[in-house]
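Everything numeric here is computed off the predicted structure, so don't read it as measured data. Reckoned from all heavy atoms, side chains included, excluding hydrogens, waters and symmetry mates. Counting convention: from 1, in listed order, for ligands and their atoms alike.
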Amino acid sequence: IRMILIGPPGAGKGTQAPKIKEKFNCCHLATGDMLRSQVAKKTPLGREAKKIMDQGGLVSDDIVIGMIKEELNSNPECKGGFILDGFPRTVPQAEGLDSMLTERKQTLQHAIELKIDDALLVARITGRLVHPASGRSYHKLFNPPKKEMTDDVTGEPLVQRSDDNAEALKKRLSTYHAQTSPVVDYYRKNGIWQAVDASQKPGQVWSALLQIFDNDA
Ligand code: AP5
Ligand code: ZN
């Protein structure tokens, strides 16, 4: 499969993407996770990105396009296709992706929007817990780990993201509406856009995604 997931912070991109990866045996590329790994390693890019991310802004198009290109070309899991989570987030990024795919003589099959009202996102974001190494996320109330503050798979500690506070969320949402909503229109025009109601329970969102994939067959 070759697809992208578009949606505001907390829509459930990082919750659904690993399930899609498992179903299709493809790679899951999340630019937010890639940037956070640079931040954790304190690379020059990571130091620069951290400031931008904590303020809810966007890292430059060239940098994230370069990261995706590099992964698509070198990550063996991407041979089975890809699901992009959090990319493209601007129209220039969408154009960058198109030219990458044209070079590879490939096309995108799905651009799925996880649609949800801003009002529902505060609780999701402020209750989120993440396992930094894998990017797995939990929720204090909606999806608690088996053992408090502990990753189910590795037993390692869970943390809160430094941009998961009400103030940074406000900025992330306004960035989303200003810069990423036009990406939805981009794929609407291109004919591969579909929307899923992301306010439902995670299992219901997954069923809606499965329905879309069933129609491919
Ligand atoms: P990124 O990491 O992509 O963050 P985001 O887009 O703000 O999205 P989130 O990860 O917050 O939400 P999600 O949809 O993955 O939600 P999740 O499934 O975890 O980007 C971070 C930053 O990096 C950006 O702000 C930017 O600065 C930079 N960046 C990244 N990509 C970039 C790009 N392409 N260009 C430029 N800059 C870039 O779910 C959230 C919570 O809700 C969890 O606790 C989960 O358990 C819970 N939950 C999920 N689904 C449900 C449900 N159905 N019902 C109830 N709870 C649910
Ligand atoms: Zn995410």
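- No donor-acceptor pair under 3.5 Å is formed between the side chain of K41 and the backbone N or O of G46.
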Open item on the list: Please determine whether disulfide (SG to SG under 2.5 Å) holds for the pair C27 and C78, giving the CA-CA distance in whole Å, both sets of side-chain angles, and the decisive distance to 0.1 Å.
Closed with: CA-CA 5 Å; C27 63; C78 297; 2.1 Å; yes

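- A donor-acceptor pair under 3.5 Å links the side-chain atoms of Q109 to the main chain of R2, judged by distance alone.
- Within the 3.5 Å criterion, the main-chain N or O of S162 finds a donor-acceptor partner in the side chain of N165.
- Residue contacts with ligand 1: A11 is included, with a non-hydrogen atom under 4.0 Å away.
- Short contacts between ligand 1 and R36, defined as distances under 4.0 Å to a heavy atom of the residue, involve ligand atoms 2 (O), 21 (C).
- Close approach of ligand 1 to Q200 (heavy-atom distance below 4.0 Å) involves ligand atoms 52 (C), 53 (N), 54 (N).
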TODO: Given salt bridge (charged side-chain N to carboxylate O under 4.0 Å, His left out), test K189 with D185 step by step and report yes or no.
DONE: CA-CA 6 Å; K189 282 184 198 135; D185 296 325; over 6 Å; no

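- When hydrogens are left out, the protein atom nearest atom 37 (N) of ligand 1 is V59 N, 3.1 Å; that is the closest non-hydrogen contact.
- With a 4.0 Å heavy-atom cut-off, ligand 1 is reached by the backbone of L58 and by its side chain too.
- Looking at R172 next to ligand 1, an N or O pair under 3.5 Å apart turns up.
- Closest protein heavy atom to atom 4 (O) of ligand 1: R161 NH2, 3.1 Å.
- At a 4.0 Å heavy-atom cut-off, ligand 1 touches L35 through the side chain alone.
- In terms of protein heavy-atom proximity, atom 31 (N) of ligand 1 is closest to T31 OG1, 2.8 Å.
- The G32 neighbourhood of ligand 1 comprises atoms 1 (P), 2 (O), 20 (O), 30 (C), 31 (N), with distances under 4.0 Å to a heavy atom of that residue.
- Judged by distance alone, with hydrogens and angles left aside, the side-chain atoms of T175 form no donor-acceptor pair with the main-chain N or O of L173 at under 3.5 Å.
- Which parts of ligand 1 touch H139 is read off a 4.0 Å heavy-atom cut-off, strictly below it: atoms 44 (O), 46 (O).
- Side chain to side chain, H177 and D118 meet the donor-acceptor criterion of an N or O pair below 3.5 Å.
- Here is the list of ligand 1 atoms found below 4.0 Å of a heavy atom in Q93: 33 (C), 34 (N), 35 (N), 36 (C).
- Looking at Q179 and T90, their side chains never bring a donor and an acceptor atom within 3.5 Å of each other.
- Looking at Y138 against ligand 1, only its backbone comes within 4.0 Å, counting heavy atoms.
- The ligand atoms of ligand 1 that sit less than 4.0 angstrom from a heavy atom of G10 are 9 (P), 11 (O), 12 (O), 13 (P), 14 (O), 16 (O), 40 (C).
- Remark: distances from the non-hydrogen atoms of G57 to ligand 1 include one below 4.0 Å.
- Of the protein's non-hydrogen atoms, R128 NH1, 2.6 Å is the one closest to atom 19 (O) of ligand 1.
- Comparing heavy-atom distances from atom 3 (O) of ligand 1 across K50, K13, R89 singles out R89 as nearest.
- Across all their heavy atoms, I4 and P88 have their closest contact at CD1-CD, 3.8 Å.
- The backbone N or O of D163 sits less than 3.5 Å from a side-chain atom of R172, completing a donor-acceptor pair.
- The shortest contact between atom 23 (O) of ligand 1 and any protein heavy atom is with M53 CE, 3.3 Å.
- Close contacts of ligand 1 with K201, meaning ligand atoms under 4.0 Å from a residue heavy atom, involve 53 (N).
- Note that the CD1 atom of I192 and the OH atom of Y186 stand 9.0 Å from one another [nearest 0.5 Å].
- Taking only nitrogen or oxygen atoms, main chain and side chain alike, G56 does not reach within less than 3.5 Å of ligand 1.
- Side chain of R124 to backbone of A11: a donor-acceptor contact under 3.5 angstrom is found.
- A distance-only check finds a donor-acceptor pair linking the side chain of Q200 to the backbone of D197 [under 3.5 Å].
- The I125 neighbourhood of ligand 1 comprises atoms 11 (O), with distances under 4.0 Å to a heavy atom of that residue.
- Atom 18 (O) of ligand 1 has T15 OG1, 2.6 Å as its closest protein atom, hydrogens excluded (heavy atom only).
- If you check which protein heavy atom lies closest to atom 15 (O) of ligand 1, you get G14 N, 2.9 Å.
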